[in-house]
Amino acid sequence: MAIDWRSHFVTTLVDPLPAAYVGGPAHEAGAPVAVASVVESTSGHPIAFTAPSSTALALAVAARAARAAEVIRRGFRFTQGVGPNGPLRMFDGTTAGQLFDYFEHCFVAAVFSVQALEAYSNYKIAMKLDRPYKLRRKGELVEFPPHEVERQASLDEKLGAILPELLGVPSPNGLAEWGAYVHLRRLRDATIHIKSHHQWTLADRDFESSPYSRFIEDSALSIPVPA
């Protein structure tokens with residue numbers, strides 16, 4: 001069995017595993033073992049496959065998109081122009097398609113970077129939380145059963161409080177890593193819930209917090225780094 005780093009879980013047998021039935025497969029000690037999932041195909045025949053790590057898949061998608069975006073970014077060309085406030089650099093009109101491809105890749109990188117964090121948080125909560133958990137709602141503590149915490153808690157609550165408690169590590173809240181995460185999460189939110197005034201520059205609207213603005217200002221390679 002080929003082992004891919006995006007597998008959900010892979011280990012090896014300590015002892016030989018005999019066949020479960022006559023003529024069935026047997027495995028020697030040291031044979032790789034992975035978590036598998038089974039689905040019913042449209043033909044009616046079950047199909048089994050190695051279960052992937054949702055966190056790893058999302059990180060891989062984000063990293064691949066960021067690298068593709070950066071390759072495009074290196075090919076940007078500019079001309080000198082004049083704007084309302086004076087001289088500025090304008091994208092060469094022939095590179096509009098490249099620029100839009102770049103934005104597409106940046107969108108993907110931002111969304112899947114946060115998805116990786118969400119997938120990791122939910123997995124750890126499912127594996128580690130075995131008791132009701134209290135979340136503060138409208139100034140009061142509300143108790144939720146373990147299976148509801150994945151749905152009811154925000155990602156900030158999961159990363160800043162719940163996971164540190166479950167894993168016995170300090171909270172990242174207040175550290176530089178937390179600031180980088182918040183920047184990423186806001187970028188993702190601005191991408192998913194993009195407002196009209198973030199879609200193009202208007203004289204009386206803030207465009208600095210537009211995802212387009214952030215993608216132009218920073219290297220695409222920096223997007224998945226906080227995740």
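Fair warning: this is a prediction, and the values are worked out from it, not measured in the lab.
Looking only at side-chain heavy atoms (C-beta outward), Gln80 and Met90 stay at 4.5 Å or farther from each other. At a threshold of 4.5 Å between non-hydrogen side-chain atoms, the residues Val82 and Leu88 do not count as touching. The side-chain heavy atoms of Leu99 and Ile72, taken from C-beta on, include no pair separated by under 4.5 Å. Looking at Glu104 and Asp101, their side chains come closer than 4.5 Å, going by heavy atoms from C-beta outward. Using a 4.5 Å heavy-atom threshold, the side chains of Ile125 and Leu163 count as touching.
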Using the salt bridge (Lys or Arg N to Asp or Glu O under 4.0 Å) rule, take Arg137 and Glu157 through it: C-alpha gap first, then chi angles, then the decisive distance, then the call.
CA-CA 12 Å; Arg137 295 293 180 266; Glu157 290 173 323; 2.8 Å; yes
Run the side chain to side chain donor-acceptor pair (under 3.5 Å) check on Glu165 and Tyr133 step by step: do they pass?
CA-CA 11 Å; Glu165 180 180 335; Tyr133 195 90; 3.1 Å; yes
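To the nearest 0.5 Å, atom CZ of residue Arg74 and atom OH of residue Tyr102 are 11.0 Å apart. Interatomic distance, Phe107 CZ to Thr191 OG1, rounded to the nearest 0.5 Å: 5.5 Å. Distance check, rounded to the nearest 0.5 Å: CG of Leu129 to CD1 of Ile162 gives 7.5 Å. A distance of 11.0 Å separates CZ of Arg188 from CZ of Phe112, quoted to the nearest 0.5 Å. Distance check: His198 NE2 to Ser213 OG gives 9.0 Å after rounding to the nearest 0.5 Å. For the atom pair CD of Glu150 and OG of Ser121, the computed distance is 9.5 Å after rounding to the nearest 0.5 Å.
Of the possible polar contacts, one joining the Ser53 side chain to the Ala56 backbone as a donor-acceptor pair under 3.5 Å is found. Side-chain atoms of Arg67 do not come within 3.5 Å of backbone N or O of Ala62 as any donor-acceptor pair. Panel note: side chain Lys124, backbone Asn122; no donor-acceptor pair is recorded below 3.5 Å. Side chain of Gln152 to main chain of Val149: no donor-acceptor pair is present (N/O by atom type, distance under 3.5 Å, no hydrogens or angles). The closest donor-acceptor contact from the side chain of Ser113 to the backbone of Ala109 lies under 3.5 Å.
Between Phe78 and Phe76, the ring planes lie perpendicular to each other; the angle is over 60°, past the 30° to 60° tilted range.
Evaluation of the side chain to side chain donor-acceptor pair (under 3.5 Å) test over residues 166-187, restricted to residues two or more places apart or in two chains, returns Asp156-Tyr181, Asp156-Arg185, Asn173-Trp178.
Contact record, Ser7 with Thr50: OG-CG2, 4.0 Å, taken as the closest heavy-atom pair. In plain terms, the two heavy atoms of Pro172 and Pro164 that are nearest each other are CD-CG, 4.0 Å. Scanning both residues, Ser54 and Ala119, for their nearest heavy atoms gives CB-CB, 3.9 Å.
Classification of Arg64 and Glu70 as a salt-bridged pair fails, no side-chain N sitting under 4.0 Å from a carboxylate O. Look at Arg151 and Glu148 and you find a salt bridge, because one of the NZ, NE, NH1 or NH2 atoms lies within 4.0 Å of a carboxylate O, short of that distance.
Under the 4.5 Å side-chain heavy-atom criterion for ILVMFWY residues, a single connected hydrophobic cluster contains both Val114 and Phe103. Following chains of ILVMFWY side-chain contacts shorter than 4.5 Å, one cannot reach Val71 starting from Phe91, and the two form parts of different hydrophobic clusters. Taken together through direct or relayed side-chain contacts under 4.5 Å among Ile, Leu, Val, Met, Phe, Trp and Tyr, Val108 and Leu221 form parts of separate hydrophobic clusters. Residues Leu166 and Val169 share a single hydrophobic cluster, defined by chaining ILVMFWY side chains whose heavy atoms lie under 4.5 Å apart. Linking Ile, Leu, Val, Met, Phe, Trp and Tyr residues whenever their side-chain heavy atoms come within less than 4.5 Å leaves Leu59 and Tyr123 in two separate clusters.
The local environment of CZ in Phe49 is crowded, with over 12 non-hydrogen atoms from other residues, nucleotides or ligands closer than 6.0 Å.
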Distance-only donor-acceptor hits, side chain of residues 13-40, under 3.5 Å, sequence neighbours excluded:
none

